[in-house]
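I have placed the structure first, in the form of structure tokens, so that the comments after it can refer back to it.
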Protein chains: 2
Amino acid sequence: MTEFSLPPIQTTARDDAVLKALAGFVMREKLEPGERLPTERILAERLKVSRNTVREALTRWEGLGLVERRQGSGTYLKAAVSLDMLHMPLTLAGGNDFTGLMRTLEIRRALEAEAAALCAVRADEDDLAEIERKLDIMEDAFKMRAGMSSDEDWEFHQAIYRASGNPLFEQIIAAMHELFHRFWEHPLGVRDFGHASFPYHRTIFNCIAAHDPEGARAEALKLIATVEDDLKRGAANLKLADRK
Amino acid sequence: MTEFSLPPIQTTARDDAVLKALAGFVMREKLEPGERLPTERILAERLKVSRNTVREALTRWEGLGLVERRQGSGTYLKAAVSLDMLHMPLTLAGGNDFTGLMRTLEIRRALEAEAAALCAVRADEDDLAEIERKLDIMEDAFKMRAGMSSDEDWEFHQAIYRASGNPLFEQIIAAMHELFHRFWEHPLGVRDFGHASFPYHRTIFNCIAAHDPEGARAEALKLIATVEDDLKRGAANLKLADRK
DNA sequence: TGCAGAAATTGGTTGGACCATTGAACCACT
DNA sequence: AGTGGTTCAATGGTCCAACCAATTTCTGCA
């Protein structure tokens, strides 16, 4: 038996064709996020397909977060659309349990370290000022409530992602943030959850300000390590991780 | 067809409710990837919703890669489904140009380094054997063709991701692989594209085999650095990066 | 002019119909 | 037994024509 290279033929691909045409339309009309795109009925008529087909295509885009549908109002662009988009639908099963959180934390460690390093190389004066501002706010909140605050902490990290010059960091981490958030609110019985991570926020900033990428990377790794420790402590406290 | 227990849907938010009910059904019936789930018509009847609504719901799952629909055959589970899934749809715009590729490469550097480090900690004898097997294949291909081979290289890295014990690494990187692939095939005029990365594959493996996470991390960073250099050289050669 | 209610717009849902593909059963012929 | 062709039911894909529900816009009265 010899080797074949016969990819399956594609006979029907209506909704894909609809999306391609729609992407082309968005680019030609230079539609930007927030703008409304044609109604389903118009699209169906113009593309010479059924409204059902249009709806299935739009459902796909909605699932990808590219578009938002508002009943009675219309369908609105939520993100930039281009023909050469690359989609990465990630599904994390069992995101509620300890294992799932640990796994996302490993991804976060990887990205956090790299973002901090890149940030140390690329951040300009404005970026540094913004990051330090968030840091000050976070430290104030820490002293006030005598504990880590999820929101302010998140703002600080987000500022770093933004200053990394690569929007992908923020996109990926933001997608996982909801998950972290749940646990921050229910610290598994660990009273001072996240406490140990506090000092590393400033050491990270110092390395970034000194344009020391490897230092920033190392400090970021330390920070995540403390969170992992807290997590493990929590999982040890409660023998069962969640089970809602 | 066997017996189901699918109570009718309540009120608004139809398609979300359909997915929730369907996820519950999959869990109760312990359906695993590859198995076929009830036909659209049956689902519509049991859930007391229209078949179109069922289809929109399934379209969402299909977009998330959870399910595969085969005309004339049925709808099949492609991944494990649970009620507490977390979806992270990412779309990378403009992934075709030099900037976009550089950005994905930065993500890859972050994940590659972390995956190698985790792998060094967790890989058992079987994992090591598998990785070394892929490494040998890659090195043979390199000697044969006197140059890097995209496929064999990819297999090697995939083996590392798998042995990292965290499926998210493979998921994220796999989603971006298509992007790398395009450039590997069209090396921007750089004749020996990827050549410099060759030796680091074995040094990474050596560190993993020696259970030296920081060493593996460092070698992985070096590997990606060579690819980045090649990329920059290529972008400098052609003044324009793609423009197809 | 201001604003409440009617009317038009738009996405959401329904039910029914037909098409295209698949796969199993069946059959004829070798 | 095996090969290939035919039939036929099941299933996803598409279409149509309505109607429902939320929203926006318009209208006319106070």
Side-chain angles (χ1 to χ4, degrees), chain A residues 1 6-22 25-26 29 31 33-78 81, chain B residues 1-4 6-22 25-26 29 31 33-78:
Chain A
M1 176 65 77
L6 285 177
I9 60 173
Q10 199 60 286
T11 53
T12 55
R14 285 274 214 275
D15 40 5
D16 271 340
V18 167
L19 287 185
K20 229 174 101 182
L22 198 49
F25 172 79
V26 169
E29 299 291 318
L31 295 186
E35 292 196 71
R36 213 188 74 170
L37 40 84
T39 72
E40 297 177 350
R41 287 171 175 87
I42 301 259
L43 286 175
E45 179 193 351
R46 295 284 205 284
L47 296 172
K48 289 276 184 270
V49 295
S50 142
R51 197 183 146 211
N52 262 335
T53 307
V54 172
R55 280 187 62 74
E56 289 218 9
L58 287 179
T59 299
R60 289 245 263 283
W61 269 15
E62 190 185 28
L64 290 169
L66 293 178
V67 117
E68 178 185 355
R69 292 149 119 181
R70 288 206 285 271
Q71 184 173 177
S73 177
T75 304
Y76 298 83
L77 222 50
K78 259 179 75 179
V81 165
Chain B
M1 187 56 75
T2 69
E3 198 72 9
F4 311 125
L6 283 175
I9 293 298
Q10 303 154 348
T11 51
T12 52
R14 300 280 212 230
D15 43 2
D16 272 338
V18 167
L19 287 186
K20 230 175 100 181
L22 197 49
F25 171 77
V26 169
E29 298 291 321
L31 294 188
E35 292 196 70
R36 213 187 74 169
L37 39 85
T39 73
E40 299 177 349
R41 287 173 176 86
I42 294 199
L43 286 175
E45 179 193 350
R46 294 289 204 283
L47 298 171
K48 290 276 183 280
V49 295
S50 148
R51 192 180 148 215
N52 269 331
T53 306
V54 171
R55 280 188 61 74
E56 290 220 6
L58 287 178
T59 299
R60 288 245 261 283
W61 268 16
E62 190 185 28
L64 290 169
L66 293 179
V67 119
E68 178 184 356
R69 303 206 275 203
R70 288 207 285 270
Q71 184 174 174
S73 177
T75 303
Y76 298 83
L77 222 49
K78 260 179 74 179

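Lettering of chains follows the sequences in order, A, B, ..., and the numbering in each one begins at 1. Atoms considered below: every heavy atom in the structure, side chains included; atoms not considered: hydrogens, waters and symmetry mates. Just so it is clear, the model here is predicted, and its values are computed rather than measured.
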Could you tell me the separation between the CG atom of B/L43 and the P atom of D/dG13, rounded to a whole number of Å?
13 Å
Could you check B/R70, B/R69, B/K78 and say which one makes a salt bridge (Lys or Arg N to Asp or Glu O under 4.0 Å) with B/E62?
B/R69
Is a donor-acceptor contact shorter than 3.5 angstrom present between the side chain of B/N52 and the base of C/dG15?
yes
d(CG, B/L47; P, C/dT14) in whole Å:
10 Å
Would you state whether a donor and an acceptor, one from the side chain of B/R41 and one from the base of D/dG12, lie under 3.5 Å apart?
yes
Starting at atom CD of A/Q71, determine the distance to atom P of D/dA22, rounded to an integer number of angstrom.
6 Å
At 4.0 Å (heavy atoms only), tell me whether A/R55 reaches a base, stays on the sugar-phosphate, or touches nothing.
base
Is the phosphate of C/dG16, meaning OP1 or OP2, less than 4.0 Å from a side-chain N or O of B/R51?
no
C/dT13, C/dT22, D/dC15: which one has an atom nearest the side-chain heavy atoms of B/D15?
C/dT13
Side-chain contact check for B/R36: nearest option of D/dT11, D/dG12, D/dC15 is D/dT11
Between the main-chain N or O of B/E56 and the side-chain N or O of A/R55, is there a donor-acceptor pair closer than 3.5 Å?
no
Which nucleotide sits closest to the side chain of B/T39: C/dG12, D/dC15, D/dT11?
D/dT11
Between B/L58 (CG) and D/dT14 (P), how many Å, whole number?
14 Å
A/D16 CG to D/dT14 C1', straight-line distance once rounded to whole Å
15 Å
Which heavy atom of A/L58 sits nearest to which heavy atom of A/V67, and what is that distance?
O-CG1, 4.3 Å
First of A/K48 and A/Y76 reached from the 5' end of DNA chain D, by closest nucleotide:
A/K48
With sequence neighbours excluded, tell me which residues meet side-chain hydrogen bond (donor to acceptor under 3.5 Å, both in side chains) with A/R46.
none
Please state how far atom CD in B/E68 lies from atom C1' in D/dT11, giving the value in whole angstrom units.
14 Å
Non-hydrogen atoms of B/L47 and B/A21 that approach each other most closely:
CD2-CB, 3.9 Å
Whole angstrom value for the distance that separates C1' of D/dA18 from CD of A/E40:
15 Å
Protein-nucleotide distance (A/R14, atom CZ; C/dC19, atom C1'), rounded to Å:
10 Å
Of all heavy-atom pairs between A/V18 and A/A57, which one has the smallest distance, and what is that distance?
CG1-CB, 3.7 Å
Under-4.0 Å side-chain N/O to phosphate OP1/OP2 contact, B/S73 with C/dT21:
no
Under 4.0 Å, counting only non-hydrogen atoms across every strand here, what does B/R70 touch: a base, just sugar-phosphate, or nothing?
sugar-phosphate
By nearest-heavy-atom nucleotide on DNA chain C, the more 5' of B/G72 and A/G72 is A/G72
Report yes if a side-chain nitrogen or oxygen of A/T75 is closer than 4.0 Å to either non-bridging phosphate oxygen (OP1 or OP2) of C/dT10; otherwise report no.
no
Does D/dA22 have OP1 or OP2 under 4.0 Å away from a side-chain N or O of A/R69?
no
